[in-house]
Enquirer: 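Before we start, here is the structure in question, set down as structure tokens.
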Amino acid sequence: MLRDATAAQHARVDEAFPTGLNTPHAYARYLRGMHRFALDFEHATTRAPRQSRWLERDLDAVGLQPLMAPWASPSPLADDDAVMGWEYVMAGSSLGARVLIRAVRRLGHTGEHGAHFLECQGTSDDWRQVQQRLAAVDVADAPRLARMIDSARTAFTHVAVCLAHGAGSANEEHAL
Ligand code: HEM
């Protein structure tokens, strides 16, 4: 249900990278946008910094500045269902990571240098854990599902905004 409810949003994020992460420009936009999303995700879910740390390592490695977003991080979420919606989106991005890493390796990046986030995500257990937690949800509990779907849509809207703002200056892209 979460997949169906967010399929159009996922397609738009995917379309925003028409040639995947095949160019330094596209990878810079992805790294900076995902870093901002990870910071906001960790703030909203009150999870300890993890994905944002992986991404900071990549930004440092390739000489990119973090995206200074013109918005405040979303406030901590009101309940576990809302947290689940955001976690679905973040964990799901690890499925894409397994595809995206191939092009990023061709750009010359490795788990040690420049592609730490994608390598860590691709080998993480996050998606399986989220699926296990989702499997325990009673699908007849409509209000609960509605809260999760609403939250997952909010998270997808947010990541799309982060990725759209991720484009840096020409100087930053040359650093890659
Ligand atoms: C940038 C280009 C992206 C590509 C090429 C991509 C590609 C993919 C692929 C191949 C899958 C697996 C589909 C399957 O096995 O059924 C997937 C799933 C998913 N991706 Fe992406 N992805 C991208 C970006 C993102 C981003 C930025 C996010 C969110 C932060 C995201 C969230 C998800 C979610 C939540 C799923 C799980 C859908 C489900 O099965 O419920 N993706 N993506």
Side-chain angles (χ1 to χ4, degrees), residues 1-45 47 49-55 58-59 64 66-67 69 71 73-74 77 81-107 109 114-137 139 145 147-168 176:
M1 291 171 90
L2 286 170
R3 181 193 294 145
D4 287 352
T6 57
Q9 288 179 296
H10 185 273
R12 280 197 293 278
V13 168
D14 193 354
E15 283 159 15
F17 292 90
T19 59
L21 301 184
N22 285 338
T23 63
H25 176 91
Y27 189 43
R29 185 155 57 89
Y30 178 83
L31 277 182
R32 295 177 83 234
M34 284 301 287
H35 175 250
R36 185 69 237 176
F37 176 64
L39 288 176
D40 291 345
F41 163 85
E42 288 155 1
H43 194 261
T45 59
R47 295 283 183 250
R50 182 162 160 262
Q51 289 91 346
S52 67
R53 293 276 159 83
W54 296 341
L55 284 152
D58 292 336
L59 291 175
L64 284 169
L67 169 61
W71 57 82
S73 289
L77 295 158
D81 297 329
V83 168
M84 192 72 241
W86 276 73
E87 288 195 330
Y88 162 77
V89 175
M90 178 57 100
S93 73
S94 69
L95 298 178
R98 289 168 198 166
V99 178
L100 296 168
I101 186 67
R102 295 181 206 144
V104 172
R105 285 187 193 131
R106 284 197 294 275
L107 291 176
H109 300 302
H116 190 62
F117 171 71
L118 285 174
E119 293 284 5
C120 287
Q121 263 213 323
T123 53
S124 81
D125 196 33
D126 295 5
W127 180 245
R128 196 186 58 80
Q129 287 184 26
V130 162
Q131 278 187 311
Q132 271 183 357
R133 284 163 53 206
L134 284 172
V137 175
V139 287
L145 288 179
R147 282 196 297 275
M148 283 184 198
I149 286 173
D150 192 48
S151 175
R153 284 181 171 151
T154 302
F156 253 117
T157 300
H158 195 66
V159 74
V161 170
C162 291
L163 290 167
H165 278 75
L176 281 165

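Owing to the predicted nature of the structure, the values given are computational and were not obtained by experimental measurement. We count ligands from 1, going down the list as the structure has it; atoms in each ligand are counted the same way.
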Enquirer: Is the side chain of H165 donor-acceptor paired with the backbone N or O of G33 at a distance under 3.5 Å, no angle test?
Expert: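 No, the answer is negative, given that no donor and acceptor are paired below the 3.5 Å cut-off.
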Enquirer: State which residues pass ring-ring contact (aromatic ring centres under 6.0 Å, His included) with Y88; sequence neighbours excluded, sorted by chain then number.
Expert: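 Residues passing ring-ring contact (aromatic ring centres under 6.0 Å, His included) with Y88: W127.
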Enquirer: Dump the pairs for me: ligand 1 N or O, protein N or O, distance under 3.5 Å, to 0.1 Å.
Expert:
from     : atom 1 : to  : atom 2 : distance (Å)
ligand 1 : 20 (N) : H10 : NE2    : 2.9
ligand 1 : 20 (N) : G92 : O      : 3.3
ligand 1 : 22 (N) : H10 : NE2    : 3.0
ligand 1 : 40 (O) : R3  : NE     : 2.8
ligand 1 : 40 (O) : R3  : NH2    : 3.0
ligand 1 : 41 (O) : R3  : NE     : 3.4
ligand 1 : 41 (O) : Y88 : OH     : 2.6
ligand 1 : 42 (N) : H10 : NE2    : 3.0
ligand 1 : 43 (N) : H10 : NE2    : 3.0

Enquirer: Taking all atoms of both residues into account, what is the closest heavy-atom pair of R32 and L67, and its distance?
Expert: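 It is NH2-CA, 3.7 Å.
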Enquirer: Go through the structure and list residues passing side-chain hydrogen bond (donor to acceptor under 3.5 Å, both in side chains) with R128, not counting sequence neighbours.
Expert: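 Counting only residues at least two positions away or on another chain, R128 forms a side-chain hydrogen bond (donor to acceptor under 3.5 Å, both in side chains) with D125.
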Enquirer: Do Q121 and S93 get their side chains close enough for a donor-acceptor pair, meaning under 3.5 Å?
Expert: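 The criterion, which ignores hydrogens and geometry beyond distance, is satisfied for S93 and Q121.
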Enquirer: By ring-ring contact (aromatic ring centres under 6.0 Å, His included), which residues pair with H158, not counting sequence neighbours?
Expert: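 Counting only residues at least two positions away or on another chain, H158 forms a ring-ring contact (aromatic ring centres under 6.0 Å, His included) with W71, W86.
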